[in-house]
Amino acid sequence: MTSRIADPSLSPLGEKSHEWARAHMPTLTQSITGIQGRPLEGRRIAACLHVTKETSVLIRGLKTLGAEVALAAANPLSTQDEIAAFLASDGIQVYAWRGESPEDYQECIRRILASRPEIIIDDGSDAHVTVHAAEEFHDLNPLGGTEETTTGVTRLRALEQSGKLRYPLIAVNNASTKFLFDNRYGTGQSTFDGLLRATSLLIAGKRVIVCGYGWVGRGIALRGRGLGALVYVTEVDPLRALEARMDGFEVTTMEKAARIGDIFVTATGQINVIALRHLEQMRDGVIVANAGHFDVEIDVRGLEAQAGAAGRKLVRPNLEEFTLKNGRRIYLVGRGRIANLVAAEGHPPEVMALSFSNQLLSAVYLARNYRTLERKIYGVPLEIDRQVASNTLEALEIEIDAPTEEQQQYARSWAKE
Ligand code: NAI
């Protein structure tokens, strides 16, 4: 099958971008070169990931280990077309372009699954869910799969609990070397990258409302403060709310935040966190963005319906103005889709090197161990997590101490002196 991409002539540009990312992902290079032999020889892999320069380094790494890879996007708006062109010219089956319609998006996922993959690497679980829900794939039984993000793992847990999970899965998101860095520092920086590219406005002195104080929300709040914003957090979990307060942020309700915020960023994985009634209370000219996986966190449909075609216009790339019935204007970043990928380039390569080392090593682990695995969700094996951390320290030329024999014995004894 041939690839379906926007423009094959973008390949040389994509290659340059790929090389830039690769040069800043030594951890991933080390993860690839540290593997003995070609454990993915002849294995068919379907990957549903944001098609970015960092992803191209992972995909080529899988190919180096012997895999045949088919790639689709994990979001209709996140594809870097030059990267799709570069990978297609490198023998990867790519079905991805920026601006796919919802139907095309689904069709691209069906195309990668039609390659009858033995391993499925997913971000958000649209591919895993298609395998389980679509009649045409009822006889597809991969030896295993992985999942990149919090929302995808939440969906897979629901699938596991329904008793319908058909193959073992590794929750890559739940590795310490993933969520502590990617979700927190990656999203923290790249969400502001997206906000700045879309708006070009000053952050200092603005009231930034961060909805959700999970790993993503913590990173956004931290970086918002660093840029001089007055950061407010909304939460539904009392523990996270308390943590936000003791981390030095104001904690309030969405109802109250709606009236005071200048910039709103959702990071909850939940639906209608910013509902139409909140949007109607906002001040004129506010900026609203979503950093969560799906475009469900802000009631974009409600906003569109109220503004109508006449009250809606694109004012800058990735920034739309909506005029509400009350005359106030709301500026929505990247159509309410994952702002750091739509309005910027996603996480920086250094951080994706950790996440994708976990993906790559988990795929190898599945290929080697699938016979002994059950149809359930596993964490990333601790030895992989620790290996990724050690490789990263080495790449950063950071040395750490090892516990002495005496310290190891002390840790093992219960009768402390
Ligand atoms: P998490 O589960 O650690 O945090 C989510 C937080 O949102 C929780 O503390 C929860 O109590 C809170 N929450 C739930 N409903 C809420 C509501 N109605 N109002 C306020 N807070 C609410 O999840 P994590 O890892 O922070 O991920 C959040 C979202 O971001 C997920 O959709 C995840 O897939 C996505 N994600 C996006 C990335 C990106 O590149 N933009 C990178 C990593 C994750």
Side-chain angles (χ1 to χ4, degrees), residues 25-49 54-71 91-93 112-113 115-123 125 127-128 131-132 137 139-149 152-153 156-157 159-160 165-179 182 352-395:
M25 299 174 87
T27 305
L28 183 53
T29 306
Q30 205 170 334
S31 299
I32 297 163
T33 51
I35 290 169
Q36 304 286 322
R38 280 165 58 96
L40 300 177
E41 188 68 57
R43 290 283 185 211
R44 291 183 306 278
I45 295 185
C48 180
L49 296 168
E54 293 76 18
T55 299
S56 68
V57 184
L58 168 67
I59 300 295
R60 291 191 93 208
L62 294 167
K63 193 179 157 198
T64 305
L65 298 176
E68 291 165 20
V69 189
L71 173 67
I92 308 294
Q93 300 289 320
I112 59 166
L113 296 177
S115 70
R116 311 296 295 172
E118 295 161 285
I119 296 174
I120 299 174
I121 297 177
D122 209 350
D123 185 340
S125 279
H128 294 310
V131 172
H132 286 81
F137 300 116
D139 60 346
L140 180 62
N141 281 305
L143 53 89
T146 64
E147 172 49 50
E148 170 83 5
T149 198
V153 173
L156 293 176
R157 290 243 180 269
L159 183 61
E160 184 184 41
L165 188 58
R166 300 219 298 262
Y167 45 89
L169 283 159
I170 298 184
V172 166
N173 179 72
N174 299 1
S176 298
T177 46
K178 200 281 182 179
F179 68 81
D182 171 314
M352 287 316 292
L354 278 79
S355 307
F356 284 165
S357 287
N358 280 295
Q359 282 285 12
L360 181 119
L361 295 172
S362 294
V364 170
Y365 180 84
L366 282 170
R368 286 183 172 147
N369 298 287
Y370 70 96
R371 287 184 195 82
T372 60
L373 299 177
E374 294 168 40
R375 295 169 180 193
K376 60 182 204 183
I377 301 172
Y378 291 86
V380 171
L382 192 59
E383 63 271 20
I384 292 183
D385 215 349
R386 292 181 72 86
Q387 185 65 51
V388 174
S390 298
N391 288 354
T392 308
L393 286 172
E394 204 181 311

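FYI, the numbering just counts along the sequence from 1.
In terms of heavy-atom proximity, A47 sits nearest to I59 at CB-CD1, 4.0 Å. Contact detail for P168 and L366: the closest heavy-atom pair is O-CD2, 4.5 Å. Here the closest non-hydrogen pair linking L62 and A363 is CD2-CB, 4.4 Å. Residue A367 comes nearest to P39 through the heavy atom pair CB-O, 3.9 Å, listed as atom of the first residue, atom of the second, then distance.
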Pair L156, V153 - check side-chain contact (heavy atoms from CB on, under 4.5 Å), show working.
CA-CA 5 Å; L156 293 176; V153 173; 5.5 Å; no
I'd like to know whether K63 forms a side-chain contact (heavy atoms from CB on, under 4.5 Å) with I92, so could you lay out the CA-CA distance, the side-chain angles of the two residues, the decisive distance to 0.1 Å, and finally the verdict.
CA-CA 9 Å; K63 193 179 157 198; I92 308 294; 3.8 Å; yes
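When atom types are taken as modelled, the side chain of H132 and the backbone of L165 share no donor-acceptor pair closer than 3.5 angstrom. Proximity of a side-chain donor or acceptor of D122 to a complementary backbone N or O of E147 within less than 3.5 Å is not detected.
In this structure, a donor-acceptor pair under 3.5 Å is absent between the side chains of K178 and N358. Defined by atom type and a distance below 3.5 Å, a donor-acceptor pair is missing between the side-chain atoms of N391 and T27. Side-chain N/O atoms of T149 and N173 include no donor and acceptor closer than 3.5 Å.
The pair E118-R43 meets the salt-bridge criterion, with a side-chain N (NZ, NE, NH1 or NH2) lying under 4.0 Å from an Asp/Glu carboxylate O. The residues R116 and D139 are annotated as salt-bridged, a charged nitrogen and a carboxylate oxygen being separated by less than 4.0 angstrom.
Side-chain contact check for C48 versus I112: some heavy-atom pair is nearer than 4.5 Å. Between Y378 and L373, the closest side-chain pair of non-hydrogen atoms falls below 4.5 Å. Residues V380 and Y365 are not in side-chain contact: their nearest non-hydrogen atoms beyond the backbone lie 4.5 Å or more apart. When side chains are defined from C-beta on, L40 counts as touching I119, because their heavy atoms get closer than 4.5 Å.
Applying the side-chain hydrogen bond (donor to acceptor under 3.5 Å, both in side chains) test to Q359 and every residue at least two apart in sequence or in another chain returns T146, E148. With sequence neighbours excluded, the residues satisfying salt bridge (Lys or Arg N to Asp or Glu O under 4.0 Å) with E160 are R157. With sequence neighbours excluded, the residues satisfying side-chain hydrogen bond (donor to acceptor under 3.5 Å, both in side chains) with Y167 are H128.
Rounding to the nearest 0.5 Å gives a distance of 9.0 Å between CD1 of I377 and CG of N174. To the nearest 0.5 Å, atoms CG (L354) and OG1 (T392) are separated by 3.5 Å. One distance of note links OG1 of T177 with CG of D182; it measures 10.0 Å at 0.5 Å rounding. Here the straight-line distance linking atom CE of M25 with atom CD of Q30 works out to 13.5 Å at 0.5 Å rounding. For the atom pair CG (L169) and NZ (K376), the distance works out to 12.5 Å, reported to the nearest 0.5 Å. To the nearest 0.5 Å, atom CG of residue L58 and atom OG of residue S31 are 10.5 Å apart.
Other residues, nucleotides and ligands place more than 12 heavy atoms under 6.0 Å from the CZ atom of R368.
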